[in-house]
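Keep in mind that the numbers below use all heavy atoms, side chains included, and drop hydrogens, waters and symmetry copies. The sequence lines fix the lettering, A, B, ..., with proteins before strands; numbering per chain opens at 1.
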Amino acid sequence: MEEKNSLLNTKVRSDHRLKKDKQFSYIFRKGKRKSTENFTLYYIESKFNNYKIGFSISKKQGKATVRNKLKRRLKEIVRKEKLPLNFYNYVLYAREGASKLDFKNLSMQIKKLFEKFYKEENKI
RNA sequence: UCAGUUAUGCAGACAAUCGCAUCGCAAGAUGAGGAAAGUCCGAGCAUCCAGAGAACAUGGUGCAGGCUAACGGCCUGUGGGGGCGACCCUAAGGAAAGUGCAACAGAAAUAAACCGCCAAAACUUUGGUAAGGAUGGAAAGGUGGUGUAAGAGACCACCGGAAAACUAGAGAUAGUUUUUGCUCUGUAAACCCCACCUGAUGCAAGGCUGAAGGGCAAAUGUGCGUUCUCUCACGCCCUUUUAGACCGCUUGAUUUUGCAGGCAACUGCAAAACUAGAUAGAUGAUUGUCAAAUACAGAACUCGGCUUACAGCAUAACUGACUUG
RNA sequence: AGAGAUGUAGCUCAGCCGGUUAGAGCACCACCCUGAUAAGGUGGGGGUCGGUGGUUCGAGUCCACUCAUCUCUA
């Protein structure tokens, strides 16, 4: 078992994803919030020199194809623009209407959202 | 040319850059659908310690023959209905085994007399009658004649029904002939009868792994809806909690091509191929070319169907009408 | 992913085994009562029974398909 685990660690996938249900609910309960028209960003400080981000899209947004597409686009934006700072964990919650936006508008909104977050954190 | 019927196919492709999942030492290779959907059926697989038979219960299916691992599916036919036609639709056993139900209307609803018609007495009664009226979804086979006081399958012709025989067919059925004047409405997607099938739970099944606690134990007990019969088995079982790693997890009633059989569904043989396996759950972004790339939509144990959603097209065969030759 | 339940008036529910007019309470509107309001009384409006098709003479009820909402199973 230990050998296998060490092998997995050597691969080092650049995995910045939140995965466990507990982490999600923790951030929803205790984290701070920033929001724009169609998105809300929940965030909380962490101890590690790393960041993790999760995406939350409710079933009301649409069927499986719609939700998957939105999630993929959000991932792409976050990856390309390198928005999140280390020492934080995030959950990005998509509200109604988010799935109707095209890629350009999405990236605009996400950038704005993170700018709000930077301002807030610099003040402290 | 217009209108239509049936069947089949595609479900973006190619190139460049960045990025994701699996496999691989690496280079690299591969990477959602025709419905992946609804979960409506049928199986595999797993557990309920095992298996066989009979009866009952529960639920289902319902024209015939075939195909299939199996089916409530498919194919070829039969009966019925629709369309000028190509063709399409069809839960289509039994109402003469029994029970229930049929509101309102109407004189009467499974049984006869309200109006009418006719006769007699007589000025309102008695008897005959099921042609006509009116009600209804349904009113005593239909049309025409003979007949009669008026009428009536009372009798006759044709149509329809029922029964029997013969012929054709594997069968559902069809055809022909004969007999019978033929009372006996509808509903079984009401109970039911008949024939056939049918254990339950679903991969969150289940296995494996860490910790704690509890219970029972050799029989007169327990063992897949109930009862019975026979064979057989029996020492471990249960609960809570942590973790969610690993196995199950993808080579299979598989796919493609060719040949052969069959009207067809489908089957047999040969060769080649391996084609997602995630676990917050992998396919996106930008640019170029094509007339355009846009519809419905995302695998979650796996297959065979059914049903529903669907942009833009392409191809083939056939039908009807019109025009020209 | 799997298993199940429910859709009837603005809201909360009845409506049994098909039968003709789909009811009840709250809410709404008008009138009565009061100097006025509430309470009370009388009367009234509002439903294609989630949708589509079928069975039947007739469907909220039976059957098939479909849509929406909710619950349970790590």
With both distances under 3.5 angstrom, what nucleotide forms a Watson-Crick or G-U wobble pair with [N]?
N: B:A122; value: none
N: B:G268; value: B:C259
N: B:C166; value: B:G175
N: C:U20; value: none
N: B:A321; value: B:U1
N: B:C236; value: B:G215
N: B:A105; value: none
N: B:G136; value: none

Between [atom2] on [N] and [atom1] on [X], what's the gap in Å once rounded to a whole number?
X: A:N89; N: B:A280; atom1: CG; atom2: P; answer: 16 Å
X: A:K75; N: B:U283; atom1: NZ; atom2: C1'; answer: 10 Å
X: A:L74; N: B:A280; atom1: CG; atom2: C1'; answer: 14 Å
X: A:L70; N: B:G284; atom1: CG; atom2: P; answer: 14 Å
X: A:F55; N: B:A282; atom1: CZ; atom2: P; answer: 12 Å
X: A:N68; N: B:A300; atom1: CG; atom2: P; answer: 12 Å
X: A:R79; N: B:G284; atom1: CZ; atom2: P; answer: 14 Å
X: A:R67; N: B:A282; atom1: CZ; atom2: C1'; answer: 16 Å

Does [N] fall in syn (glycosidic angle within 90° of 0) or anti?
N: B:A138; value: anti
N: B:A321; value: anti
N: B:G34; value: syn
N: B:U275; value: syn
N: C:U56; value: syn

Heavy-atom closest pair, residues A:Q109 and A:T36: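 So the minimum-distance heavy-atom pair works out to OE1-OG1, 3.0 Å.
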Give the minimum heavy-atom separation between A:I44 and A:K30, together with the two atoms involved.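 Scanning both residues completely, I find the closest heavy atoms to be CD1-CB, 4.1 Å.
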[atom1] spacing across the pair [N] / [M], given as an integer number of angstrom:
N: B:U5; M: B:A86; atom1: C1'; value: 6 Å
N: C:A38; M: C:C31; atom1: P; value: 13 Å
N: B:G44; M: B:U30; atom1: P; value: 37 Å
N: B:C74; M: B:C318; atom1: C1'; value: 25 Å
N: C:C49; M: C:G4; atom1: C1'; value: 24 Å
N: B:U187; M: B:G94; atom1: P; value: 11 Å
N: C:C67; M: B:U185; atom1: C1'; value: 41 Å
N: B:G206; M: B:C48; atom1: C1'; value: 11 Å

Could you check if a side-chain atom of A:Y42 sits within less than 4.5 angstrom of a side-chain atom of A:L92, using non-hydrogen atoms only?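 The answer is no; the side chains never approach within 4.5 Å.
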What I'd like to find out is whether the side chain of A:I53 reaches to under 4.5 Å of the side chain of A:V91, using heavy atoms alone.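 When only atoms from C-beta onward are counted, A:V91 and A:I53 do not touch, as no gap falls below 4.5 Å.
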If each of A:G54 and A:E76 is mapped to the nucleotide of RNA chain B with the nearest heavy atom, which maps nearer the 5' terminus, i.e. the 5' end?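 The 5'-side residue here is A:G54.
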Quick check on RNA chain B: between A:K104 and A:T65, whose nearest nucleotide comes earlier from the 5' end?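 Comparing both residues, the 5'-ward one is A:K104.
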Over 60° means perpendicular and under 30° means parallel, so classify the ring planes of A:F114 and A:F117, tilted if in between.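 A:F117 vs A:F114 ring planes: perpendicular.
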Once the angle between the rings of A:Y43 and A:Y90 is folded into 0 to 90°, is it parallel (under 30°), tilted (30 to 60°) or perpendicular (over 60°)?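 Because their plane-to-plane angle lies in the 30° to 60° range, the rings of A:Y43 and A:Y90 count as tilted.
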Taking NZ, NE, NH1 and NH2 as the nitrogens, is one of them in A:R79 or A:E76 under 4.0 Å from a carboxylate oxygen of the other?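 A salt bridge is present here (some side-chain N lies under 4.0 Å from a carboxylate O).
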Nearest to the side chain of A:K71, which nucleotide is it out of B:A285, B:A282, B:G298?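 From the listed options, B:A282 comes nearest.
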Is there a donor N/O on one and an acceptor N/O on the other, under 3.5 Å, for the side chain of A:R72 and the base of B:G19?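 Side chain to base: no pair present.
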